[in-house]
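Heads up, the thing below is written out as C-alpha cells.
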Amino acid sequence: FLRGTLRSVTGRLVSDIDDITKYGNFSLADNVHTLNHVLNADTYKDYYLAMGDRREVYRLTGRGNANIDTVNDGYQYGLLPDPESDLMLMDMQQYLPDDILAKVDRAGMYYSLETRIPLLDADVMELAWSLPLSYKMSDGITKKPLRNILYRYVPKELMDRPKKGFSVPVSKWLREGEMLNRAESVLADARLLASDYIDMRVFDSIWQKYKNDGQFSPVIWYVFVLMKWLRYRSDTH
C-alpha cells in the first residue's frame, strides 16, 4: 500500500483543496476532508482510520497523534494474509460492536425485544471466513455469496441501487436555534467534568470551526452526548 507517484501528487492536491473548503460551508467539505486522509494514508491501518474519522477521536482524547495505529489497542494489524481480510477483521472487532450492533441493541431495548443477528451465527461466521476472498468480492462487487442468494428471490435491478442511510441532520440542527442553545448550555455546565476524559483545547478548536465555518465533525456529537451524560450523572449522585 505504498504511495505511488500519481497517488502522492493527487493527495497533495486534495490536501490543498481540503485547506480551502474547510474555511467555508461547502457541502463537499466532509468528503474532501476524508479523501485527503485516504489519499495520504501510508498503510491500510491509516486508510481504516481515515475512513472512520478515528484520527480526530484519538486527537480529542489525547490517546495519540495522526499516526496512531488502531482504535482497539489489543488488535495487531497483519494477522491475516491479505490486507482486505485484515480490514474486514478490524471492522468485525471495532465498527460492528461499537456502531452497527450498538444501534440494533438500542432499538431492540426500546421496544423490549431480544434481537438476534442470524448472519453472526457461529457456523455462518466460520463458513464466511473460510471462503476464498475472490469468492466474496471481485471486479468491484462485494458480498457476492449474499447477492447471488438474494437474486434468486428479488429482482436484481431492485437491489443494485445506491444505498440510502438513516442518518439525521445533526450537523444542521446543532447550528440552529434551540439545539444550539442546548449544546452551548451542556458544554458550559459539563466542561470541567469532561476535561477528565477529553482534551478541551482540541475540542474548542473543532467546535469553533463548526460554528464559524460549518466544518462539522462527528466528534462534536460524541462530546455533546458524553457531556450530557456526565452532567446527568453528577446531578443524580
- prompt: Do Leu120 and Leu101 come within less than 4.5 Å of each other through their side chains, counting heavy atoms only?
  reply: yes

- request: Side-chain contact test, heavy atoms from C-beta onward, threshold under 4.5 Å: evaluate it for Pro145 versus Leu131 and give yes or no.
  value: yes

Check: [X] side chain, [Y] main-chain N or O, donor-acceptor pair, under 3.5 Å:
X      : Y      : answer
Asp199 : Arg201 : yes
Asp121 : Asp123 : yes
Tyr210 : Arg175 : yes
Ser130 : Leu127 : yes

- prompt: When you check the gap from the basic side-chain N to the acidic O, do Lys103 and Asp98 get nearer than 4.0 Å?
  reply: no

task: Among Ile, Leu, Val, Met, Phe, Trp and Tyr joined by side-chain contacts under 4.5 Å, find the other residues sharing a cluster with Val154 and list them by chain and number.
output: Ile149, Leu150, Tyr151, Tyr153, Leu158, Met159

field: Distance (rounded to the nearest 0.5 Å) between Met92 CE and Ile100 CD1
entry: 15.0 Å

message: With rounding to the nearest 0.5 angstrom, report the CG to NZ distance, Asp213 to Lys211.
response: 12.0 Å

Where Glu157 and Arg161 come nearest, the two heavy atoms and their spacing: O-CG, 3.7 Å

query: How far apart are the closest heavy atoms of Leu119 and Met125, and which atoms are they?
result: O-SD, 3.6 Å

- prompt: Can you list the steps and then say if Arg147 with Thr142 is a side-chain contact (heavy atoms from CB on, under 4.5 Å)?
  reply: CA-CA 8 Å; Arg147 293 178 189 272; Thr142 59; 3.6 Å; yes

task: Mind running side-chain contact (heavy atoms from CB on, under 4.5 Å) on Asp189 and Arg231 for me, showing each step along the way?
output: CA-CA 7 Å; Asp189 292 347; Arg231 190 172 70 171; 2.8 Å; yes

message: Tell me every residue that passes ring-ring contact (aromatic ring centres under 6.0 Å, His included) with Trp221, counting only those two or more places apart in sequence or in another chain.
response: Phe224

message: Assigning hydrophobic clusters by single linkage (Ile, Leu, Val, Met, Phe, Trp, Tyr; side-chain heavy-atom cutoff under 4.5 Å), is Tyr232 placed with Tyr197?
response: no

query: Going hydrophobic residue to hydrophobic residue with side-chain gaps under 4.5 angstrom, can you get from Leu192 over to Val223?
result: no

task: I would like to know whether Asp91 and Leu96 meet side-chain contact (heavy atoms from CB on, under 4.5 Å); could you show each step before the answer?
output: CA-CA 6 Å; Asp91 249 1; Leu96 197 63; over 6 Å; no

message: Any donor-acceptor pair under 3.5 Å linking the side-chain atoms of Lys144 with those of Ser138?
response: yes

field: Heavy atoms from other residues, nucleotides or ligands near CZ of Arg182 exceed 12 (cutoff 6.0 Å)
entry: no

- prompt: So Lys228 and Ser185, side-chain contact (heavy atoms from CB on, under 4.5 Å) or not? Walk me through it.
  reply: CA-CA 10 Å; Lys228 196 168 181 62; Ser185 174; over 6 Å; no

